[in-house]
Amino acid sequence: MVSEEGTGSTFTVKLPLSGSPGSADQNRLSPPFQSIPLHPNGQIVLIEDDANLLELLRDELVGSGFTVYPFSKATPALWACIHCLFLSR
């Protein structure tokens, strides 16, 4: 992550192409992430304020088999997560 006051933050995220625990793709992940199982039907909350980048990332993740919940702002994403975790039980 690179952050500069007044210009925002830049996060670099490296997603595996595919894989399952123990696969070659899983083993290419950096150590903190190697224990996270890859679920081709997983769900991702995606927050990005750049509409073009949001659409691009959403399309890539959906194409990889994920269900993506895209948001342009963090607050609605947080409320959606709270609703899913606590109110839908």
Side-chain angles (χ1 to χ4, degrees):
M1 177 187 92
V2 177
S3 184
E4 192 172 318
E5 188 173 336
T7 61
S9 300
T10 301
F11 294 85
T12 302
V13 178
K14 297 180 181 180
L15 299 172
L17 297 175
S18 64
S20 59
S23 70
D25 289 327
Q26 181 76 26
N27 293 333
R28 286 199 318 244
L29 295 173
S30 58
F33 300 106
Q34 285 178 346
S35 62
I36 300 173
L38 301 177
H39 297 284
N41 297 317
Q43 299 179 24
I44 295 177
V45 174
L46 179 62
I47 306 167
E48 174 54 58
D49 61 353
D50 180 309
N52 292 326
L53 184 54
L54 181 66
E55 182 178 359
L56 174 70
L57 292 169
R58 179 186 51 92
D59 291 347
E60 288 294 319
L61 291 165
V62 167
S64 295
F66 292 95
T67 299
V68 179
Y69 302 96
F71 293 90
S72 60
K73 302 222 180 269
T75 301
L78 177 60
W79 282 113
C81 289
I82 289 170
H83 183 271
C84 281
L85 290 173
F86 300 108
L87 302 178
S88 64
R89 290 183 182 204

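- Both L46 and V62 are members of a single hydrophobic cluster when ILVMFWY side chains are connected at heavy-atom separations under 4.5 Å.
- In this structure, the separation between CD on E55 and CG on D50 is 10.5 Å, given to the nearest 0.5 Å.
- Scanning both residues, L54 and S72, for their nearest heavy atoms gives CD2-N, 4.4 Å.
- L53 CG to L57 CG: the interatomic distance, rounded to the nearest 0.5 Å, is 4.0 Å.
- The nearest pair of heavy atoms linking I47 to K73 is CG2-C, 3.9 Å.
- Between F71 and A80, the shortest heavy-atom distance links the atoms CZ-CB, 3.6 Å.
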